[in-house]
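The next block holds one structure in the form of structure tokens; read it before the comments.
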Amino acid sequence: MDTDAQPSTLPERDSSPAPDQGAEQGSRFGCFSWRRQRSASGSGEEPAAEPGESREEGREEAAARPLLRRGPVLLVLACLAFMGLLSAFVVQPFLIPSSSMENTLQVGDRVLVNKLPYRFGGEPRRGDAVVFDGTGSFVQEAPAGNPVTELLRGAGAAVGLAPAAETDYIKRVIGVGGDRVTCCDKRGRIKVNGEPVDEPYLHPGDSPSDVPFDVVVPEGKLWVMGDHRARSSDSRDHLGDPGGGTVPLDKVIGRADWIGWPVGRWTSLERPHAFDGIPAAAGPHG
């Protein structure tokens with residue numbers, strides 16, 4: 001088809017004196033009305049209610065939409081706040097970073113540290129696996145870090161997604177205030193208050209200690225050791241440091257009571273019976 005061809009005749013001009021008031025005219029006004037409504041809604045004016053809907057109902061629905069959009073965000077923030085409070089005062093997840101407590105605890109395990117037993121007058125007992133801040137005993141000064149990085153790490157540690165601070169440790173309590181802890185008897189066993197201890201939780205193949213020692217634990221302190229003695233940096237390694245390797249009670253964060261992750265290792269961490277026959281120390285602990 002020749003698209004440049006022009007029609008042979010032009011349509012006659014409408015000679016009627018008045019313009020048509022039919023559908024075309026109505027559509028022009030309808031378009032104008034739609035533009036005015038759209039302009040009004042864009043300028044912050046209240047949109048017109050839908051057919052069959054009152055103006056008040058339309059206003060309530062418009063006000064509810066932002067709340068619905070913010071709902072999931074508020075829910076996440078509320079959950080994080082709840083987890084933060086729970087971690088600060090009741091139970092804190094702790095990611096096991098090393099092999100020092102094998103085979104009781106494996107690298108990557110998340111243990112749940114119960115903070116309640118020691119908050120209301122209770123104190124750690126022999127055999128408890130405790131998490132503590134080693135600043136001043138195992139570490140003389142806390143390493144300086146980036147405040148933002150430390151904040152993010154702390155938030156992750158509160159829910160068990162990141163390692164705890166470098167100064168936090170998990171070990172087993174061997175001696176409490178007043179106890180005399182020595183290594184070792186003729187069979188290579190550690191003695192507490194003169195009584196040898198058979199330690200069933202030791203890593204297979206480990207001896208109770210390759211380092212001889214003879215200490216009296218000061219009141220208000222703990223003597224702690226890892227279950228994997230060959231790979232544990234514990235009280236034995238800090239005998240020459242201030243405090244003699246003992247950990248102050250006020251540095252104890254809580255007691256590891258459960259393995260919460262991975263699912264296949266869900267279990268409670270019971271206090272072993274190895275210390276049941278230990279005679280009372282000279283102090284108030286037994």
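It should be emphasised that the depicted structure is a prediction, and the values quoted were computed from it without experimental measurement.
- Counting only residues at least two apart or in different chains, ring-ring contact (aromatic ring centres under 6.0 Å, His included) contacts with residues 167-198 comprise Phe132-Tyr169, Phe138-Tyr169.
- Residues satisfying the salt bridge (charged side-chain N to carboxylate O under 4.0 Å, His left out) test with Arg231, not counting sequence neighbours, are none.
- Rounding to the nearest 0.5 Å gives a distance of 11.5 Å between CG of Asn114 and CD of Gln92.
- Sorted by first and then second residue, the salt bridge (Lys or Arg N to Asp or Glu O under 4.0 Å) pairs involving residues 252-264 (not counting sequence neighbours) are Arg255-Asp257.
- Contact annotation: the side chain of Pro204 approaches that of Asn103 to within less than 4.5 Å [non-hydrogen atoms, C-beta and beyond].
- Legend: residues meeting side-chain hydrogen bond (donor to acceptor under 3.5 Å, both in side chains) with Asp109, ordered by chain and number and at least two apart, are Arg265.
- Scanning for salt bridge (charged side-chain N to carboxylate O under 4.0 Å, His left out) contacts around Arg189 gives Asp185, Asp198, with sequence neighbours left out.
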When the side chains of residues 238-252 are checked against the rest of the protein, which donor-acceptor pairs come out under 3.5 Å, sequence neighbours left out?
| unit_1 | atom_1 | unit_2 | atom_2 | d |
| --- | --- | --- | --- | --- |
| His238 | ND1 | Asp241 | OD2 | 2.7 |
| Thr246 | OG1 | Gly243 | O | 2.6 |

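- Take Ser235 and apply the side-chain hydrogen bond (donor to acceptor under 3.5 Å, both in side chains) test, not counting sequence neighbours, and it matches no residue.
- We find the CD-CD1 distance between Glu195 and Ile190 to be 14.0 Å, quoted to the nearest 0.5 Å.
- Taking the salt bridge (charged side-chain N to carboxylate O under 4.0 Å, His left out) definition, one finds that Asp276 meets it with nothing, sequence neighbours left out.
- For Thr182, there are no side-chain hydrogen bond (donor to acceptor under 3.5 Å, both in side chains) partners, not counting sequence neighbours.
- Screening residues 251-278 for ring-ring contact (aromatic ring centres under 6.0 Å, His included) gives no qualifying pairs among residues at least two apart or on separate chains.
- Proximity of Leu269 to Leu105: side-chain heavy atoms (C-beta onward) are separated by under 4.5 Å at one or more points.
- For Phe213, the ring-ring contact (aromatic ring centres under 6.0 Å, His included) partners two or more places apart in sequence, or in a different chain, are Trp223.
- Annotation for Arg229 and Pro208: closest pair NH1-O, 2.9 Å, computed over non-hydrogen atoms.
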- Item | Criterion side-chain contact (heavy atoms from CB on, under 4.5 Å) on Ser232 and Met225, from CA distance to verdict | CA-CA 7 Å; Ser232 176; Met225 301 173 74; 5.7 Å; no
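- Considering only residues two or more places apart in sequence or on other chains, Asp210 meets the side-chain hydrogen bond (donor to acceptor under 3.5 Å, both in side chains) condition with Ser207.
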